[in-house]
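See structure below.
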Amino acid sequence: MTKFLSVTGGKPLRGCVDISGSKNASLPALAATILTDDKVTLSNIPELEDISIFLKLLTSLGKKISIDSKNCISIEGSLSSIIAPYEYVSAMRASILVLGPLLTKYHKAIVSLPGGCKIGLRPVDLHIKALRQMGAEISQDKGNIEAQCKILNGSEVLFTKVTVTGTQNVLMAAVLGRGATKILNAAIEPEVITLIELLSSMGAQIKLTGTTIYVQGVKKLHGTSFRLGPDRIELATYYLAVAATKGKVEINVSSDSCIKHTLNQLSAVGKADILSNKVKIDFSNAEINPVSFITNVYPGIATDMQPLLCVTNSIANGPSVIKEQIFENRLQHLPELARLGSKYEIQGNEVRFEGGSEYTGTTLNVTDLRAGAALVIGAISAQGKSQIYDYFHILRGYENFIEKLSSLGADIAVN
Ligand code: EPZ
């Protein structure tokens, strides 16, 4: 019997909720543990599907993993394998992040080619081109990336397209490379900055100037203890869920610079009261404002926020226009939102929302992680009942998603 989420909407969210550690900062941090045999302790790691898959992958490579306490793990030891098998890579694209660390420390890697997903083809050609430039011999055979090198040489790498995991892969390759590497047109998302902070705490020599990352290769990296920051996309998810349900919620989140930036973007939908480690949001008597935007690399509006903002744009007090320019196929949530009652026109990757729609519960299908979160926000703010299928996508990227929403008064349960 296929399980689904059953939701009865129309209840304003009330209460308080904690924001978990950043999924997209945690995944490269796990990959970075390959760069040393010493113990690396990572805290504020969210407990979610993608993280558990990555831990299984590291275990299969030979790493010893201990759960020190909730959201805190230690990883140590040298590897006994350099093969990242399809079963892990196909389940989680971020497994490609082991390629750079394996190459630079073990000089060999076999990583299954990550599949695409609903939001686009998601090639890794830029990762491969940059690593080849650093001296890696890389071939693709039977769906695997087979890579080897005597040593990775410092190089001047120019990314012709900004790539988050591409930047992270090359950064991790460069920290143990021979000589100096310059990464031009690097991604500077907060998740890249966090990786720079982690690697520096392990002894790496890294400097960031604008969108250029300078790395001086070192012989060895040592262990560290490192705390991951909060998840800015999870924050956006709950912020917009409170807006859509006209709720009143306190979100516990430490407001570092990346969080302040995200809150500043979200305040266009409706203001919040930002304190040092809490955000007070009250939409009980506030309008939901439309927000027109084009998704862009940091510090632009993140593509991961686009499906979430489509939900509030549909019911906002006026029209808006959005454009998705990072991924070629990241509008899959729209036909499902239309079933809830959203009114819009699509032209290519541009969407014009009328605003003023009213959601009515219905049957919905989730296509990917952020689309799923968007549909849940739609369903909890709709009048009536909804059934949401393929909700497993959401559990990949949100810690205790159903529990957190239930604790805020949403009527949501697995059936
Ligand atoms: C990261 O994906 C995030 N995932 C994504 O979050 C996020 O949407 C994306 O960055 C953009 O911010 C993780 O960090 C695990 P890209 P990534 O390489 O690195 C093209 C979520 O919901 N490209 O920055 O895979 C690519 O097709 C996920 O948490 C190439 O053409 O994204 C896309 O159009 C979804 N060749 C653009 O660049 C390459 O070799 C940006 O992709 C690499 C990328």
Side-chain angles (χ1 to χ4, degrees), residues 21-68 71-117 122 124 127-128 131 136 138 140-148 164-166 168-173 175-176 191 194-195 198-199 202 221 223 226 228 369 392-393 395-399:
S22 165
K23 164 180 90 84
N24 287 350
S26 297
L27 295 168
L30 292 172
T33 64
I34 293 171
L35 295 165
T36 179
D37 298 347
D38 293 356
K39 180 188 280 193
V40 176
T41 300
L42 299 171
S43 53
N44 201 31
I45 288 257
E47 286 176 6
L48 41 84
E49 189 57 20
D50 271 11
I51 298 294
S52 56
I53 293 171
F54 214 114
L55 290 173
K56 284 181 192 147
L57 171 55
L58 288 175
T59 304
S60 77
L61 293 173
K63 278 290 184 182
K64 286 172 197 51
I65 292 171
S66 57
I67 309 293
D68 303 341
N71 300 111
C72 184
I73 50 174
S74 288
I75 301 170
E76 62 184 311
S78 63
L79 299 191
S80 52
S81 165
I82 49 87
I83 299 173
Y86 182 75
E87 64 179 298
Y88 300 119
V89 182
S90 61
M92 192 217 18
R93 287 183 43 74
S95 308
I96 192 68
L97 284 167
V98 303
L99 181 59
L102 286 174
L103 257 180
T104 200
K105 186 157 190 309
Y106 296 90
H107 309 308
K108 200 165 167 45
I110 297 176
V111 181
S112 169
L113 261 175
C117 67
R122 305 191 70 188
V124 289
H127 300 234
I128 290 171
L131 292 169
I138 302 181
Q140 296 183 17
D141 178 37
K142 300 191 201 71
N144 283 327
I145 298 169
E146 302 200 3
Q148 60 183 10
V164 174
T165 48
Q168 292 167 334
N169 237 336
V170 171
L171 175 57
M172 289 189 281
V175 293
L176 290 178
E191 296 76 27
T194 299
L195 180 60
L198 168 63
L199 293 170
M202 296 166 72
L221 292 184
F226 188 85
L228 277 303
L369 168 58
F392 61 87
H393 288 286
L395 306 185
R396 280 190 42 217
Y398 287 93
E399 184 177 58

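Scope of the values below: all heavy atoms of this structure, side chains included, with no hydrogens, waters or symmetry mates.
Of all non-hydrogen atoms in Ala91 and Arg396, the two that sit nearest each other are O-NE, 4.3 Å. Smallest separation of non-hydrogen atoms from Ala84 and Val89: O-CG2, 3.6 Å. Of all heavy-atom pairs spanning Pro46 and Ile51, the tightest one is O-CG1, 3.4 Å. Taking every heavy atom of both residues into account, Leu102 and Ala109 meet most closely at CB-CB, 3.7 Å. In plain terms, the two heavy atoms of Ala136 and Leu103 that are nearest each other are CB-CD1, 3.7 Å. Taking all atoms of both residues into account, the shortest heavy-atom contact from Leu35 to Pro101 is CD2-CA, 3.7 Å.
The structure places CG of Leu57 at 6.5 Å from CE of Met92, a figure rounded to the nearest 0.5 Å. Here CG of Leu171 is found 10.5 Å from OG1 of Thr104. Values are rounded to the nearest 0.5 Å. Taken to the nearest 0.5 Å, the CZ atom of Phe226 stands 8.5 Å off from the CG atom of Leu195. Remark: Leu79 CG to Lys108 NZ distance equals 14.0 Å, nearest 0.5 Å. Put simply, CD1 on Ile138 and CD1 on Ile128 are 5.5 Å apart, with the number rounded to the nearest 0.5 Å. Going from atom CG of Leu61 over to atom CD1 of Ile82 covers 8.5 Å, rounded to the nearest 0.5 Å.
A donor-acceptor pair under 3.5 Å is absent between the side-chain atoms of Thr33 and the main chain of Ile75, judged by distance alone. For the pair Asn169 (side chain) and Gly100 (backbone), a donor-acceptor distance under 3.5 Å is present. Between the side chain of Asp38 and the backbone N or O of Gly223 there is at least one donor-acceptor pair closer than 3.5 Å. Of the possible donor and acceptor atoms, none in the side chain of Asn144 sits under 3.5 Å from a partner among the backbone N and O of Ile110. At distances below 3.5 Å, not a single donor-acceptor pair connects side-chain atoms of Arg122 with backbone N or O atoms of Pro114. Formation of a donor-acceptor pair under 3.5 Å by the Ser22 side chain with backbone atoms of Ala25 is found in this model. Within the 3.5 Å criterion, the main-chain N or O of Asp68 finds no donor-acceptor partner in the side chain of Ser66. Under the 3.5 Å distance criterion, the side-chain polar atoms of Tyr88 are left unmatched by any main-chain donor or acceptor of Phe54.
Side chains of Thr165 and Gln168 form a contact here, defined as non-hydrogen atoms less than 4.5 Å apart. Side-chain contact between Leu48 and Lys23 is present, with heavy atoms from C-beta onward closer than 4.5 Å. Put simply, the side chain of Asn71 reaches to within 4.5 Å of the side chain of Glu399, judged on heavy atoms. Looking only at side-chain heavy atoms (C-beta outward), Leu42 and Leu198 come within less than 4.5 Å of each other. Side chains of Met172 and Leu199 form a contact here, defined as non-hydrogen atoms less than 4.5 Å apart.
Atom OH of Tyr86 is surrounded by 12 or fewer heavy atoms from other residues, nucleotides or ligands within 6.0 Å.
Of the candidates Leu27, Leu395, Leu30, Leu27 is the only one forming a side chain to side chain contact (heavy atoms under 4.5 Å, CB included) with Asp50.
Thr41 is linked by a side chain to side chain donor-acceptor pair (under 3.5 Å) to Ser74, counting only residues two or more places apart in sequence or in another chain. For Asp37, the salt bridge (charged side-chain N to carboxylate O under 4.0 Å, His left out) test picks out Lys105, with sequence neighbours left out.
Under 3.5 Å, the side chains of Asn24 and Ser26 contain no donor-acceptor pair of N or O atoms.
Residue pairs that meet the side-chain hydrogen bond (donor to acceptor under 3.5 Å, both in side chains) test with at least one member in residues 52-64, sequence neighbours left out, do not exist here.
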